[in-house]
Amino acid sequence: MEESLLPSGSSRRRDSKEETKSSVLGRRVVAITAGNKYQKAAAMVDQAEDGMGLPLEVLEQSNFEQAAKWYFWFIGLDLLWSLDMAVLLLLNFFEVPLWCKEEFPDPCGNREKFYLGGLPYLTRTQSLILELVSWIVLAVYTLYPITFTGNKLFWKSRLDNVKVILLVLLAADTIFNAFYVAPWGPIENIPFRLAPYIRVIIVAMSIRGLRDCMRTLMGIIPDFLNIAALLLLFLLFSSWLAYVLFEDTAQGKTVFTSYGTTLYQMSILFTTANNPDVWMPAYQVSRYTCVFFILYILFGVYFITNLVLAVVYDSFKGQLAKNMVEMDNKRQQGLNVAFGILDEQSKGYLEIGQCAQLFKELNTYRTLPQIADEDMQDIFYALDDSGDFKINKEEFADLCSAISLKFEKSEEPAYIEHFPTIYNSKFFQELKQFVRSKHFEYIIMGMLLANLVTVIIETTLDIQNSSSQYIWQDVELALGWLYVVEMVLKVVAYGFHNYWRSDQNRFDFVITVTVVVVETLTFILPSSQSNNEEIRYLLIARLLRLTRLLVLVKQYKVLVSTFFKLIPSVMPYLGVTFCSMCLFCIFGNQVFGGLVYAGNPKLPGSEIAINDYMVNNFNDFPSGMVTLFNILVLGNWQVWMDGYAQLTGKWWTVFYFWGFYVLGVLFLFNLVAAFVLEAFFAEIELYSSQDSPGNEDLDGQVAMNGNVQTLMNHILSSELEKTRSMQNP
């Protein structure tokens, strides 16, 4: 490339033919497989900084160029793999529960009688066909890496071995199910299946973020078990003390009838779910008894619970630091590969000409400014810490770190650049400059303010059932199409890929398209009661679009910035929580399915019937997921625990609900909450550093640009230092 890519907001003027050739060669696929050594090295540097790409073991093979082609073909099928993972996960929602034995269209009987969810069921044959097709795709996905890693590396990988084992188990379970579904099959009843569990586990292991998250959480388990043992001792001792103190009182005769019952009730009281009901008999007799229960709740809820959270979160930060150090080590290995590509003669250093050429090729991936030869010489001398006029591996790593931190990812060429006459015209260049300018943003902000006034007036008139609201609906429709114009202008000016990189743009795109399409259909179609209801829902969607106004206030800007930064970091942990809910829900469907139904003689008088929670059950997968969500947020969760203990008559059912409470609430949910809190405080510090004298340029700018890595380094600074000191004593 003759000219460098300038920072975002500036234009790039290049010859279209050379730009097309350069952009193609600049992509990793072509650069690694067909580029020169500088293009390959630049691609390796960018891959090392992104942390995703060819496995390092493949890069060290002599045939890595051919392996790279297989790998990029594998990546090219990512949409197919993603669809297959979605099918594996969604099958659980639409499969007929195992307890249902009737024929279609009502395989579980009357939906109202069994309080089933609203999702339709696939027929058993349809489910089997989907299982077979998804298994075939999964088999290709699981075994395809052999083409670019080779047999030796593939079977050496523990992860790949586990995937193959799960694939075989899934095949065996699917075949077993086929004998059940087939009319001529010898199997008439299946009370249990492995496939639903395996599907969830395979999805969790195949998504990198979920897999890394599970590895992090597995490292926390020893510390969690230690503090959980302390919690158990606290519950055992407190329950024994309560049993002894209230043995001959009304409390002991009605509630604490045995030590086991006392332990059960005191454990629930630890979660405050049955407070104050459980100690009302004692309190009605003597008001002084409240002292015992108040001290128990204060010590348990405000000390023990927070102690558990503190220990687990401290261990969590330590595991995150270890993972980040491992990622940094892998990054260093990738940079070593890039260094080795440039250092063909194994001198152990690079010269100034090689660094200058690498800088030019890195322009394909990073928005580096164009550097004159004399300036490149100054930069070279500045990076040459050893003063020997050579760049060694350590200095090369420092160079790449500076590039990754200081310069943004390069923009992808816009589609309109394929039409050089239009792209290079004066009108288009001025239009692009205007769309990228602050003036354009000010106009959009003005539209948002006008939209806010319109929504307020329209909502008020809608509540009053005034006919004048239709005039404001037309105004809102016009504003909606103005947002479409804004969206189109940005897509044209930036290119769709660059536009879609921004979380704010994706959010605006979804809201704008949804609102405008529904508004237009409502405007075209004859008015009806349903259309009036749709208008009310649209008012809510329009308010979501107005959240862009929050960035005008600095304090709110911190909130919005933290929110978007935390989405990539928190989503894997929410994903693990979701997968845990799926596994518990599958077990709940297989054990508790079909127990809650109108006419069950055990249901009247049970806690579920008393609280009118019949629709929250485990009769099918959607209903079970809703029930587990209610338990996750501790919404009277003991009702389901007591209710299903009464319906099954089995004492061990309480361990199912307690297991989900410990894993979902004490371990995962509180962990995410603590991480969000600390991330917010770290973000506040980064923004504060922007205002402090002399620091306006680095931390603040990084915080504004949404650098998640910097935020994580800030949160884990002490843990990272400790981990690195342990690895390099």
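Index from 1, following the sequence. None of these values were measured; they are calculated from a predicted model.
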Keeping [X] on the side-chain end and [Y] on the backbone end, is there a donor-acceptor pair under 3.5 Å?
X	Y	result
Arg199	Leu89	no
Ser134	Glu131	yes
Asp223	Val312	no
Tyr144	Trp70	yes
Ser580	Val576	yes

Next item on the list: Flag the pair Phe587 / Phe618 as yes when their ring centroid distance falls below 6.0 Å, and as no otherwise.
Entry: no

Next item on the list: Please check if the distance between the ring centroids of Phe316 and Tyr573 is under 6.0 Å.
Entry: yes

Next item on the list: Check step by step if side chain to side chain contact (heavy atoms under 4.5 Å, CB included) holds for Arg211 and Leu159.
Entry: CA-CA 10 Å; Arg211 187 171 64 246; Leu159 175 65; 3.5 Å; yes

Please report the shortest heavy-atom distance between [X] and [Y], naming the atom on each side.
X	Y	value
Met581	Leu628	O-CD1, 3.2 Å
Leu122	Leu130	CD1-CD1, 3.6 Å
Asn92	Pro196	OD1-CB, 3.4 Å
Gly117	Asp620	N-OD2, 2.9 Å
Leu583	Ile201	CD2-CG1, 4.4 Å
Leu210	Pro572	CD2-O, 3.2 Å

Determine whether [X] and [Y] make a side-chain contact, defined as any pair of heavy atoms from C-beta on separated by less than 4.5 Å.
X	Y	answer
Phe94	Pro120	yes
Leu574	Met571	yes
Phe154	Val164	yes
Thr142	Asp160	no
Trp135	Leu167	yes
Met85	Leu138	yes
Ile165	Leu169	yes
Phe621	Asn589	yes

Atom [atom1] of [X] and atom [atom2] of [Y]: how far apart are they, to the nearest 0.5 Å?
X	Y	atom1	atom2	answer
Phe660	Leu666	CZ	CG	12.0 Å
Leu90	Leu83	CG	CG	10.5 Å
Phe584	Cys579	CZ	SG	13.0 Å
Gln590	Ile190	CD	CD1	10.5 Å
Ile220	Gln319	CD1	CD	6.0 Å
Asn161	Lys156	CG	NZ	12.0 Å

Next item on the list: Taking atom CZ of Phe74 as the centre, report whether more than 12 heavy atoms of other residues, nucleotides or ligands fall under 6.0 Å from it.
Entry: yes

Next item on the list: Please say whether more than 12 non-hydrogen atoms of neighbouring residues, nucleotides or ligands are located less than 6.0 Å from CZ in Phe179.
Entry: no

Check: What class does the angle between the rings of Phe93 and Phe578 fall in, given that below 30° is parallel, 30 to 60° is tilted and above 60° is perpendicular?
Finding: parallel

Next item on the list: Take Ser315 and Phe224 through the test side chain to side chain contact (heavy atoms under 4.5 Å, CB included) and record every step on the way to the result.
Entry: CA-CA 8 Å; Ser315 178; Phe224 178 73; over 6 Å; no

Next item on the list: Considering only NZ, NE, NH1 and NH2 on the basic side and carboxylate oxygens on the acidic side, decide whether Arg124 and Glu95 come within less than 4.0 Å.
Entry: no

Next item on the list: Apply side chain to side chain contact (heavy atoms under 4.5 Å, CB included) to the pair Leu77 and Tyr141, showing each step before the final yes or no.
Entry: CA-CA 9 Å; Leu77 295 173; Tyr141 168 79; over 6 Å; no

Margin query: Less than 3.5 Å apart, any donor N or O on the side chain of Asn177 or Thr174 sitting next to an acceptor on the other?
Written below: no

Check: If you measure only the distance, is there a donor-acceptor pair under 3.5 Å linking the side chains of Tyr121 and Gln126?
Finding: no

Note to self: Could you walk me through whether Leu166 and Leu170 satisfy the side chain to side chain contact (heavy atoms under 4.5 Å, CB included) test, starting with their C-alpha distance in whole Å, then the side-chain angles of each, then the deciding distance to 0.1 Å, before giving a yes or no?
What the structure shows: CA-CA 6 Å; Leu166 292 175; Leu170 185 61; over 6 Å; no

